[in-house]
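Residue indices begin at 1 and follow the sequence shown.
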Amino acid sequence: MIPAQFDYTRPGSLAEACQELAADEEAKALAGGQSLLPLLRMRLAYPSKLVDVGRLPELAGVHDRGDHVFIGAMATHDEVLRSGVVNADCPLLALATATVADPAVRHRGTFGGSLAHADPAGDVPAVVVALDGVLVARSAEGEREIPAAEFFVDYLESSLRQGEILVGVKIPKLGAGWGFHYEKFQRTAQAWAIVGVAAAVRRSNGAIQEARIALTNMAPTPLRAHAAETALQGLELADGEPPGGESGQVRQACAEAAADTSPPGDLHAQPDYRRHLARVLTHRAVRKAAGSV
């Protein structure tokens with residue numbers, strides 16, 4: 001299908017891009033285009049203007065900032081996946097990024113674009129929520145930092161204001177002693193997640209000291225599974241022990257991940273099946289994360 005008519009501009013600076021977006025509430029920022037262009041073709045989006053931010057140097061790159069990694073909004077998924085600092089200090093992000101679509105999409109799609117699009121079935125948002133990332137937005141009025149837990153408002157809706165552009169994301173470094181895993185269930189390779197689980201686990205003397213768990217596609221926004229995180233604290237998880245060999249305690253704690261969720265029902269899965277998947281995948285992700293410490 002042919003998109004509806006729109007204007008196109010490529011600003012030369014971030015300040016100019018902010019002005020373009022602030023002046024027209026129907027304007028949209030164009031990054032990699034992997035989410036926006038299909039919506040245009042299907043006429044599910046009708047922007048009056050596309051503001052192309054693809055060549056703004058302020059949005060580029062992956063940077064080591066000491067206590068955190070800063071990922072520019074225009075960094076592609078492939079850049080994130082291949083980044084030495086991401087693999088060293090934020091491996092959970094690399095694990096999830098490797099499951100995003102296919103190589104062609106990962107070379108064009110952008111890290112910031114996938115967050116600003118705010119699709120609950122996307123893999124990256126849940127990881128940023130699990131790692132307590134902070135999103136940095138810029139407007140003509142200045143810069144604003146938004147905790148990941150507050151950034152995702154509703155289905156395909158973020159807390160970005162008119163005239164704001166997502167500049168990048170700060171991902172805190174968790175340090176030594178943590179293990180990570182991203183578990184994803186999909187009907188076919190390269191498809192959206194029916195359910196995904198991002199898990200980070202810190203162990204000491206065989207016991208779980210802290211767990212961070214976030215869910216993909218279990219609500220209109222990515223969710224932290226706080227009940228499961230709390231239930232897992234202090235539980236022992238012996239190396240090499242078969243799944244379910246922990247007297248059921250770890251499995252029962254992981255089952256709490258499905259509590260207080262509101263998963264969608266569609267042609268891929270009904271809510272009850274998604275809750276079942278959340279319980280199973282959380283247990284699997286926690287065990288693999290703990291085993292990687």
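- The neighbour count for Asp260 CG, taken as heavy atoms of other residues, nucleotides or ligands under 6.0 Å away, does not exceed 12.
- Annotation: the span from His68 atom NE2 to Asp89 atom CG amounts to 11.5 Å, rounded to 0.5 Å.
- For Leu44, the CG atom sits in a packed shell: over 12 heavy atoms of surrounding residues, nucleotides or ligands are nearer than 6.0 Å.
- Counting only residues at least two apart or in different chains, salt bridge (charged side-chain N to carboxylate O under 4.0 Å, His left out) contacts with residues 90-100 are absent.
- No donor-acceptor pair under 3.5 Å is formed between the side chain of Asp154 and the backbone N or O of Glu157.
- The two residues Phe152 and Pro125 come nearest to each other via the heavy atoms CZ-CB, 3.6 Å.
- Rounded to the nearest 0.5 angstrom, Leu14 CG and Leu59 CG are separated by 5.5 Å.
- Atom-to-atom distance recorded for Ile208:CD1 and Glu229:CD is 11.5 Å, nearest 0.5 angstrom.
- Atoms CZ and CD, on Arg287 and Glu183 in that order, are 12.5 Å from each other to the nearest 0.5 Å.
- To the nearest 0.5 Å, the span separating OG1 on Thr76 from CD on Gln34 amounts to 10.5 Å.
- Ala22 and Gln162 make their closest contact through O-NE2, 3.0 Å (heavy atoms, listed as atom of the first residue, atom of the second, distance).
- Between Cys90 and Pro172 the shortest heavy-atom distance is SG-O, 4.5 Å.
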Practice prompt. Before giving the answer on side chain to side chain contact (heavy atoms under 4.5 Å, CB included), spell out for Thr97 and Asp123 the whole-Å C-alpha distance, their side-chain angles and the decisive distance to 0.1 Å.
Written response: CA-CA 7 Å; Thr97 302; Asp123 301 292; over 6 Å; no
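- For Arg43, the CZ atom is densely surrounded, since the number of other residues' heavy atoms within 6.0 Å is greater than 12.
- There is a path of hydrophobic side-chain contacts, each under 4.5 Å, that joins Leu135 to Val62.
- When side chains are defined from C-beta on, Leu50 counts as touching Leu40, because their heavy atoms get closer than 4.5 Å.
- Side chain of Thr261 to main chain of Pro263: no donor-acceptor pair is present (N/O by atom type, distance under 3.5 Å, no hydrogens or angles).
- If you chain together hydrophobic residues whose side chains sit under 4.5 Å apart, Leu81 and Val105 never meet in one group.
- No salt bridge links Lys49 with Asp7; every basic N to acidic carboxylate O contact stays at or beyond 4.0 Å.
- Between Arg144 and Glu164, at least one side-chain nitrogen of the basic residue sits less than 4.0 Å from a carboxylate oxygen of the acidic one, meeting the salt-bridge criterion.
- By the 30° and 60° cut-offs, the orientation of the rings of Phe180 relative to Trp178 is parallel.
- A single hydrophobic cluster is seen to contain both Phe111 and Tyr182, as judged by linkage of ILVMFWY side chains at heavy-atom distances under 4.5 Å, directly or through other members.
- Contact record, Gly179 with Ser292: CA-OG, 3.3 Å, taken as the closest heavy-atom pair.
- Contact of the Pro120 side chain with the Thr221 side chain is not registered, since no non-hydrogen atoms from C-beta on lie closer than 4.5 Å.
- Of the candidates Arg275, Gln270, Arg274, Arg275 is the only one forming a side-chain hydrogen bond (donor to acceptor under 3.5 Å, both in side chains) with Asp272.
- Side-chain contact between Val134 and Val169: absent, with no pair of heavy atoms (C-beta onward) separated by less than 4.5 Å.
- Ala29 and Leu36 make their closest contact through O-CD2, 3.9 Å (heavy atoms, listed as atom of the first residue, atom of the second, distance).
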Practice item. For side chain to side chain contact (heavy atoms under 4.5 Å, CB included), just list the numbers for Leu39 and His117, CA-CA rounded to whole Å, side-chain angles, deciding distance to a tenth of an Å, and then say yes or no. Key: CA-CA 11 Å; Leu39 294 178; His117 187 53; 3.8 Å; yes
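- Residue Leu281 is tested with Leu215, Val286, Val195 for a side-chain contact (heavy atoms from CB on, under 4.5 Å); the sole match is Val195.
- To the nearest 0.5 Å, atom CD of residue Glu210 and atom OG1 of residue Thr230 are 10.5 Å apart.
- Counting heavy atoms from C-beta outward, Pro147 and Glu150 have side chains that approach closer than 4.5 Å.
- Both Val127 and Val86 belong to a common hydrophobic cluster when Ile, Leu, Val, Met, Phe, Trp and Tyr are linked at side-chain heavy-atom distances under 4.5 angstrom.
- Salt bridge Lys173/Asp64: present, at least one basic N to carboxylate O contact under 4.0 Å.
- Cluster membership check: Met74 does not share its hydrophobic cluster with Val100, using side-chain heavy-atom separations under 4.5 Å among Ile, Leu, Val, Met, Phe, Trp and Tyr.
- Here Arg82 pairs with Asp78 under the salt bridge (Lys or Arg N to Asp or Glu O under 4.0 Å) rule; sequence neighbours left out.
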Open item on the list: Could you walk me through whether Val124 and Val128 satisfy the side chain to side chain contact (heavy atoms under 4.5 Å, CB included) test, starting with their C-alpha distance in whole Å, then the side-chain angles of each, then the deciding distance to 0.1 Å, before giving a yes or no?
Closed with: CA-CA 6 Å; Val124 173; Val128 175; 4.1 Å; yes
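- The closest side-chain heavy-atom distance from Leu174 to Leu131 is below 4.5 Å.
- Remark: the backbone N or O of Leu223 is not paired with any side-chain donor or acceptor of His226 at under 3.5 angstrom.
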**Message:** Determine whether Val280 and Thr282 satisfy the following criterion, side chain to side chain contact (heavy atoms under 4.5 Å, CB included), listing intermediate values before the conclusion.
**Reply:** CA-CA 6 Å; Val280 172; Thr282 298; over 6 Å; no
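- Within the 4.5 Å cutoff, no side-chain heavy atoms of Leu166 are placed close to those of Val136.
- Partner Arg138 forms a salt bridge (charged side-chain N to carboxylate O under 4.0 Å, His left out) with one of Glu58, Glu143, Glu16 and no other, that one being Glu143.
- Side-chain contact check for Phe6 versus Ser48: every heavy-atom pair is 4.5 Å or farther apart.
- The minimum heavy-atom distance between Ala193 and Asn217, with the atom names listed, is O-ND2, 2.9 Å.
- A salt bridge does not link Lys28 to Asp52: none of the charged nitrogens lies less than 4.0 Å from a carboxylate oxygen.
- Shown are Val51, Leu21, Ile165; of these, the side-chain contact (heavy atoms from CB on, under 4.5 Å) with Pro11 is made only by Val51.
- In terms of modelled atom types and a separation under 3.5 Å, the side chain of Arg203 and the main chain of Ala290 share a donor-acceptor contact.
- For the 3.5 Å distance criterion, the side chains of His77 and Glu79 fail to qualify, holding no donor opposite an acceptor.
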- Please assess Lys170 against Asp67 for the test salt bridge (Lys or Arg N to Asp or Glu O under 4.0 Å), listing each intermediate value before the final yes or no. CA-CA 10 Å; Lys170 296 179 178 180; Asp67 63 344; over 6 Å; no
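- Arg10 places a side-chain heavy atom less than 4.5 Å from the side chain of Arg55.
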